[in-house]
Amino acid sequence: MATETISPLTDAIPSTDATNSSSHVRSEVENPSSPFFLHHSDNPGLVLVSQLLTGDNYNSWSRAMKIALSVKNKLGFIDGSIPKPSGNNAVLLAYWTRNNDIVISWILNSVSKDISGSILYSESALEIWIELRDRFQQSNGPRIFQLRRDLINLAQDQTSVSVYFTKLKSIWEELSNFRPSCNCGKCICGGVRNLASYYQMEYTMAFLMGLNDSFAQVRA
């Protein structure tokens with residue numbers, strides 16, 4: 001029986017008979033490198049990130065969640081690269097459903113109670129991820145305004161240079177996530193490189209402006 005390409009496992013599944021295919025799927029999901037593999041610590045009560053999604057922290061939350069899911073080898077369940085299999089392969093579908101529900105549980109554990117109630121009945125982790133992105137990524141304007149204001153008001157004051165630099169870097173890196181970027185890999189005019197140099201100069205200027213007067217010579 002021919003099998004449609006629906007997941008990383010199906011490329012290796014023989015198209016001869018259902019018994020061999022099912023056995024192969026079972027052996028593959030026991031491989032720790034498989035996205036369908038579940039470690040004994042991968043339980044529904046696991047909290048992947050320390051900061052819950054409340055709405056205004058979507059960008060930092062989504063970044064942390066992507067990192068955590070990548071470590072768990074489950075990123076494909078939220079980026080669409082591991083879609084739901086058809087019903088032709090019941091064994092593969094069962095493994096997909098189990099992993100999908102695990103990822104849903106992790107997302108529910110990582111958002112506030114008000115938000116979790118609105119996504120509880122979604123059927124897939126991908127559906128939840130897209131809904132959260134569409135709902136909360138629209139609040140970029142107010143967040144950018146707040147970050148820019150924090151950047152302007154940030155000064156070393158009585159703190160050490162390392163503490164001041166850490167605060168500045170945190171604000172600057174979050175701001176950089178809102179900037180448009182070119183990922184096509186076809187930019188050959190040097191414009192992207194010039195833009196990166198400009199942002200680096202802005203970053204340096206922001207750092208120097210917030211230093212105490214004792215570093216006047218450094219600024220000069």
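Predicted model only: the values in this text are computed from it and were never measured. The first residue in the sequence is number 1, and the count goes up from there. Keep in mind that the numbers below use all heavy atoms, side chains included, and drop hydrogens, waters and symmetry copies.
- Distance check: L48 CG to W106 CH2 gives 6.0 Å after rounding to the nearest 0.5 Å.
- Taking all atoms of both residues into account, the shortest heavy-atom contact from Q156 to N212 is OE1-N, 3.1 Å.
- Annotation: salt bridge (charged side-chain N to carboxylate O under 4.0 Å, His left out) contacts involving residues 42-54, sequence neighbours excluded, comprise D42-K72.
- One finds the NZ atom of K167 at 7.0 Å from the CG atom of L154 (value rounded to the nearest 0.5 Å).
- A tilted orientation is assigned to the rings of Y58 and W129, their planes being inclined by 30° to 60°.
- For the pair F77 and A125, the tightest heavy-atom approach, listed with the atom from each and the gap, is O-CB, 3.7 Å.
- For the residue pair N99/K74, the side-chain donor-acceptor check at 3.5 Å is satisfied.
- Applying the salt bridge (Lys or Arg N to Asp or Glu O under 4.0 Å) criterion to E127, with sequence neighbours excluded, gives no partner residue.
- Checked by atom type, the side-chain pair N194/S197 shows no donor-acceptor distance below 3.5 Å.
- Side chains of D114 and S112: no donor on one and acceptor on the other come within 3.5 Å.
- Every ring-ring contact (aromatic ring centres under 6.0 Å, His included) that Y203 has, sequence neighbours left out, goes to W172.
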Q.
For a side-chain contact (heavy atoms from CB on, under 4.5 Å) check, start with the C-alpha distance between L46 and N43, then their side-chain angles and the critical distance, and finish with the verdict.
A. CA-CA 6 Å; L46 192 62; N43 60 80; 4.2 Å; yes
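- Between the NZ atom of K169 and the CD1 atom of I171 there is a distance of 12.5 Å, given to the nearest 0.5 Å.
- Q51 places none of its side-chain heavy atoms less than 4.5 Å from the side chain of W61.
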